[in-house]
Amino acid sequence: MAAAAALLLLLVALGGAAAQVFPPWNGTFPMGPGFGAGGSSGGSGAGAGAGTGVPAMFVFGDSLTDNGNNNDLNSLAKANYPPYGIDFAGGPTGRFSNGYTMVDEIAQLLGLPLLPSHTAASSGDAALHGVNYASAAAGILDNTGQNFVGRIPFNQQIKNFEQTLGQLRSRLGGAARLAPSLARSIFYVGMGSNDYLNNYLMPNYNTRNEYNGEQYATLLAQQYAKQLGRLYDLGARRFVIAGVGSMACIPNMRARSPVNMCSPDVDDLIVPFNSKVKAMVSGLNAARPRAKFIYVDNYAMISEVLRNPWSYGFSVVDRGCCGIGRNRGMITCLPFLRPCLNRNTYIFWDAFHPTERVNVLLGRAAFNGGTDVVYPMNIQQLAAWQP
């Protein structure tokens, strides 16, 4: 009884009474494809969404979804070395995770194979089921992430997609044959976190002196809308726009605090940006009725897991599985550093990124969750949507 009472008190302290946005933990860990003894699969993707009618998915983003686009760059933002990928069947690939990213899980649920990185998709055949253009340290703004030297900003990711379109037109026999396939494809876009972590909050940037928080959020949202408009002009019609997750309690932020505290002032900047992006999604849906834009509330989902970790089988919330220094968050996961053994119990893999288990939870919630986490419909409904 004493142990149960202590657990109850801990859950209450962490916000256990809050409404859940994921299914409660039933005593077993949510498993992705091949999640058990063999680690994440790199398989064919004949999963829950086989038959959704989605021919391809194109991914634009940052390190949360990068699957190797930075590997060959002169960049400080890379993850193509052990122990990254320790639970991924192919080992280190450039994913900033011990295994799957969120978009890996979504691809599987759509019945698609795991997508090639843009650097690996050198032909129309390789790109038939989609391409991942995401790049660690990338942002909405071109100058974001310059401390890491090499990265591929969102504007350049769109240009890389244009290159892919040329390959696909040649492969499929012209633009007229490609257009219907593009219209049925999913376009996942998750940008913005680096525009704060590796721009606005960086002391060697002057951004904070030029804009207050509200002005900067407006600047980003306006630029974001223009970039999404470019993708629309190139043929995209089904958009998944991922909001920026809560960053106040990532290990790197806790490590900066001498008393192991979160940094709510960081989230105070992110919340207005997310609100503007969600409003942008509503505006784009009204202005472009032949397209559909949905908003994935990563902020709400990450916040829920942090409030109620035990409800989802997590017991370690305040440090990374792999890293150096306070909270294993002062320096992120270095080559051949020994990670934690019980990775399924950790929310954070390294100083900045979630573990595979969290990514799987987020992917599944985005795929078939309610309007409290994905608005105005989920990805499964988006796949079936008819204009």
Side-chain angles (χ1 to χ4, degrees), residues 2-3 5-18 20-22 25 29 62-64 77 79 83-84 86 96-98 136-137 147 193-194 196-204 208 213 244-271 273-274 298-334 337-359 361-362:
L7 177 59
L8 178 60
L9 287 172
L10 177 60
L11 287 172
V12 170
L14 290 168
Q20 292 179 341
V21 296
F22 306 113
W25 187 45
F29 293 121
D62 50 32
S63 59
L64 292 169
Y84 285 99
I86 190 171
F96 287 74
S97 169
N98 57 307
N147 290 345
S193 61
N194 284 313
Y196 286 94
L197 281 178
N198 292 302
N199 187 324
Y200 196 77
L201 293 172
M202 278 289 168
N204 64 318
R208 201 160 191 169
V244 174
S246 171
M247 294 191 291
C249 297
I250 61 175
N252 183 258
M253 288 298 169
R254 284 184 178 270
R256 299 181 190 188
S257 167
V259 289
N260 186 27
M261 296 295 290
C262 299
S263 300
D265 55 319
V266 176
D267 280 358
D268 288 344
L269 293 170
I270 292 169
V271 168
F273 170 72
N274 281 337
N298 282 336
Y299 186 94
M301 293 192 287
I302 290 292
S303 297
E304 164 62 14
V305 172
L306 288 169
R307 278 194 303 265
N308 297 294
W310 287 91
S311 298
Y312 307 104
F314 298 105
S315 58
V316 186
V317 304
D318 63 346
R319 60 188 181 274
C321 173
C322 184
I324 295 175
R326 187 186 301 123
N327 302 88
R328 293 183 188 159
M330 295 291 288
I331 300 174
T332 198
C333 194
L334 296 177
L337 197 64
R338 184 176 180 179
C340 64
L341 296 178
N342 51 338
R343 293 179 287 279
N344 277 343
T345 65
Y346 277 68
I347 291 177
F348 296 104
W349 160 247
D350 62 15
F352 300 96
H353 305 96
T355 57
E356 177 178 48
R357 269 205 64 229
V358 174
N359 287 331
L361 280 174
L362 296 178

Subject >> Check: Arg328 side chain, Pro339 main-chain N or O, donor-acceptor pair, under 3.5 Å >> reply: no
Original post:
Can Leu201 and Arg208 be said to form a side chain to side chain contact (heavy atoms under 4.5 Å, CB included), step by step?
Top reply: CA-CA 7 Å; Leu201 293 172; Arg208 201 160 191 169; 3.3 Å; yes
Original post:
So which of Pro354, Pro251, Cys333 actually passes side-chain contact (heavy atoms from CB on, under 4.5 Å) with Trp349?
Top reply: Cys333
Subject >> Check SG atoms, Cys321 and Cys340, less than 2.5 Å apart >> reply: yes
Subject >> Evaluation steps, side chain to side chain contact (heavy atoms under 4.5 Å, CB included), between Phe348 and Arg254 >> reply: CA-CA 12 Å; Phe348 296 104; Arg254 284 184 178 270; over 6 Å; no
Original post:
Asn98 and Thr355: side-chain donor and acceptor closer than 3.5 Å?
Top reply: no
Subject >> Donor-acceptor under 3.5 Å (Ser263 side chain, Asp265 main chain) >> reply: no
**OP:** Evaluate side chain to side chain contact (heavy atoms under 4.5 Å, CB included) for Asn359 paired with Leu64, printing each intermediate quantity in order.
**Re:** CA-CA 9 Å; Asn359 287 331; Leu64 292 169; 5.7 Å; no
Subject >> Asp267 to Ser246 - nearest heavy-atom pair and separation >> reply: OD2-OG, 2.6 Å
Original post:
Just by distance, do the side chain of Asn252 and the backbone of Gly329 share a donor-acceptor pair under 3.5 Å?
Top reply: yes
**OP:** State, to 0.1 Å, how close Asn204 and Asn147 come at their nearest heavy-atom pair, and which atoms those are.
**Re:** ND2-OD1, 2.7 Å
Subject >> Minimum heavy-atom distance between Val305 and Ile347, given as atom pair plus value >> reply: CG1-CD1, 3.6 Å
**OP:** Anything under 30° is parallel, anything over 60° is perpendicular, the rest tilted; go ahead and classify Phe96 against Tyr84.
**Re:** perpendicular
Original post:
What heavy-atom pair brings Leu334 and Pro83 nearest, and what distance separates the two atoms?
Top reply: O-CD, 3.6 Å
Original post:
Does a side chain donor of either Asn327 or Asn260 reach within less than 3.5 Å of an acceptor in the other side chain?
Top reply: yes
**OP:** Heavy atoms only: give me the nearest Tyr196-Phe273 pair and the separation to one decimal.
**Re:** OH-CB, 3.3 Å
**OP:** List the steps and the verdict of side chain to side chain contact (heavy atoms under 4.5 Å, CB included) for Arg319 and Tyr346.
**Re:** CA-CA 8 Å; Arg319 60 188 181 274; Tyr346 277 68; 3.8 Å; yes
Original post:
Out of curiosity, Met202 CE to Asn194 CG, how far, rounded to the nearest 0.5 Å?
Top reply: 9.0 Å
Subject >> Arg256 vs Met253 side-chain heavy atoms within contact, under 4.5 Å >> reply: yes
**OP:** Can you see which heavy atom on Val266 is nearest to which on Met247, and at what distance?
**Re:** CG1-CB, 4.1 Å
